[in-house]
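All residue numbers in this chain count up from 1 along the given sequence. This is a predicted model, so every value here is computed, not measured.
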Amino acid sequence: MTAFFSYLEEAVTALWRNRARSGLTMLGMIIGSASIITVFGVSRAASGGIASTFASFGQLPVSVFPDPSQNYPQQAAIQYRDAKTVASALGDEAASVQPSWQRTYRITSATAHDYESVASDGGYHNDSMALLGGRRFTQQDIDGAARICMLTADLARKYFGTQPAVGNVLRVGGARFVVTGVYADIKGSFLNSILSSSAVFVPYSAFYQDFSPGSVDSLQVFAAQQDRADAVGAAAVAVLQHIHGTRSQYTVQNGAGFVSSFDGALSVIATGLSAIGGVALVVAGIGIMNIMLVSVTERTREIGIRKAIGATRGNIAMQFVMESVVLSLAGGGIGMLIGLVVTIGAASILSRQLGALLIPYLAIICIALTFSLVVGTLFGTYPAIRAARLDPIEALRT
């Protein structure tokens with residue numbers, strides 16, 4: 001350990017003697033580390049924020065709906081009664097199968113009126129979305145086709161202002177519905193827009209009875225085991241084709257697969273941008289190698305003296321590798337700090353669009369240290385070997 005600190009002290013002293021040159025050499029490491037840290041930190045924070053928001057919806061269903069491009073879409077139309085048939089055929093594979101619609105209707109309260117999105121809900125949601133007030137639908141509400149509804153927070157404010165929405169009445173397409181619950185806001189305006197958060201939710205049985213007694217838009221199939229969601233969706237299609245004929249074509253969308261694809265897209269973008277930062281690190285490494293080779297040339301006589309008084313090849317190599325690593329770690333450390341500052345600033349801006357973001361500080365520190373050590377060791381090895389192989393007599397003559 002004493003020898004290690006001795007090498008470290010010598011490396012710092014040598015670099016400080018040429019601090020202007022050392023500082024310029026570190027610029028490449030600073031830029032490369034800062035760019036990689038920023039890209040990694042922002043992408044992981046954004047990905048985690050989006051994933052946690054989707055996770056708040058609980059288990060995401062597999063949506064099965066008629067393929068609109070087929071020759072006879074009317075033949076493949078899903079009927080309300082098909083939900084029970086599919087549920088019976090799937091048995092224990094499906095936790096719930098429910099018909100689904102989404103339409104636009106005129107919404108009226110005592111103080112406001114407008115056209116809004118109205119969606120059906122089956123009450124099967126193990127979600128953890130916070131409620132501002134009231135309760136969720138129960139199975140009894142579904143069985144009785146109760147004329148009740150739930151609102152998103154923005155619609156509750158729009159139609160009832162500062163008054164409590166729960167217990168009040170909305171006219172949905174002319175039908176009278178009592179508000180039983182209000183969802184809290186989704187944190188992040190971007191997610192609000194892509195998830196179409198402004199909506200009125202009514203039991204699917206009431207939707208069928210009051211608004212759409214014909215075919216349904218889709219079936220929402222909740223797999224008993226999430227890892228078998230794709231297989232359950234395929235089984236549901238097979239049942240529907242048995243009902244409506246083999247020529248009927250259906251499209252399956254796995255909600256969990258959508259989240260995975262979204263996260264995968266973010267990872268690909270982050271990887272591509274990190275590769276650009278990696279190029280900067282390679283350039284920085286070449287710069288470190290170049291400056292260390294210059295240092296070896298300048299200090300040839302010093303190397304000869306060290307060897308003459310008993311320094312081994314390993315001692316000489318270790319000294320120059322240590323200088324390279326210190327140079328790399330210093331640049332990487334400064335780049336990490338800059339990257340953290342930029343990441344925190346970017347996360348505070350993105351949190352307005354995506355909700356609360358968690359910055360992976362530990363991963364950022366580990367990546368910065370790892371890259372700095374690898375670059376310093378890798379690109380400092382050749383100059384160190386070259387210094388260690390110098391002939392002491394020839395070095396003293398220089």
Donor-acceptor contact below 3.5 Å, side chain [X] vs main chain [Y]:
X	Y	result
Ser35	Ile31	yes
Arg19	Trp16	yes
Asp217	Gln102	yes
Glu116	Ser198	no
Thr111	Tyr159	yes

### Message
Just to verify, which of Ile78, Val232, Val237, Val239 counts as forming a side chain to side chain contact (heavy atoms under 4.5 Å, CB included) with Val86?
### Response
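In the set Ile78, Val232, Val237, Val239, the residue that makes a side chain to side chain contact (heavy atoms under 4.5 Å, CB included) with Val86 is Val239.
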### Summary
Output for pair (Thr108 OG1, Tyr115 OH), nearest 0.5 Å, gives 8.5 Å
### Query
Between atom CZ of Arg106 and atom OG1 of Thr104, what is the distance when rounded to the nearest 0.5 Å?
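Nearest 0.5 Å value for the CZ-OG1 distance: 13.5 Å.
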### Task
Check step by step if salt bridge (charged side-chain N to carboxylate O under 4.0 Å, His left out) holds for Arg21 and Glu298.
CA-CA 13 Å; Arg21 187 173 68 185; Glu298 290 178 344; 3.1 Å; yes
Taking distance alone, no hydrogens or angles, what donor-acceptor pairs closer than 3.5 Å link side-chain atoms of residues 359-370 to residues at least two apart or in another chain?
from: Thr370; atom 1: OG1; to: Cys366; atom 2: O; distance (Å): 2.7

## Note on the structure
Residue set satisfying side-chain hydrogen bond (donor to acceptor under 3.5 Å, both in side chains) with Thr251, at least two apart, ordered chain then number -> none
### Task
Mind running side-chain hydrogen bond (donor to acceptor under 3.5 Å, both in side chains) on Ser218 and Gln220 for me, showing each step along the way?
CA-CA 6 Å; Ser218 65; Gln220 304 295 304; 2.9 Å; yes
### Query
Should the pair Tyr204 and Tyr80 be assigned to parallel (<30°), tilted (30 to 60°) or perpendicular (>60°) ring geometry?
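Answer is tilted, since the angle falls between 30° and 60°.
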### Query
Would Asp82 and Thr85 satisfy side-chain hydrogen bond (donor to acceptor under 3.5 Å, both in side chains), going step by step from the backbone distance to the final call?
CA-CA 5 Å; Asp82 292 345; Thr85 305; 5.0 Å; no
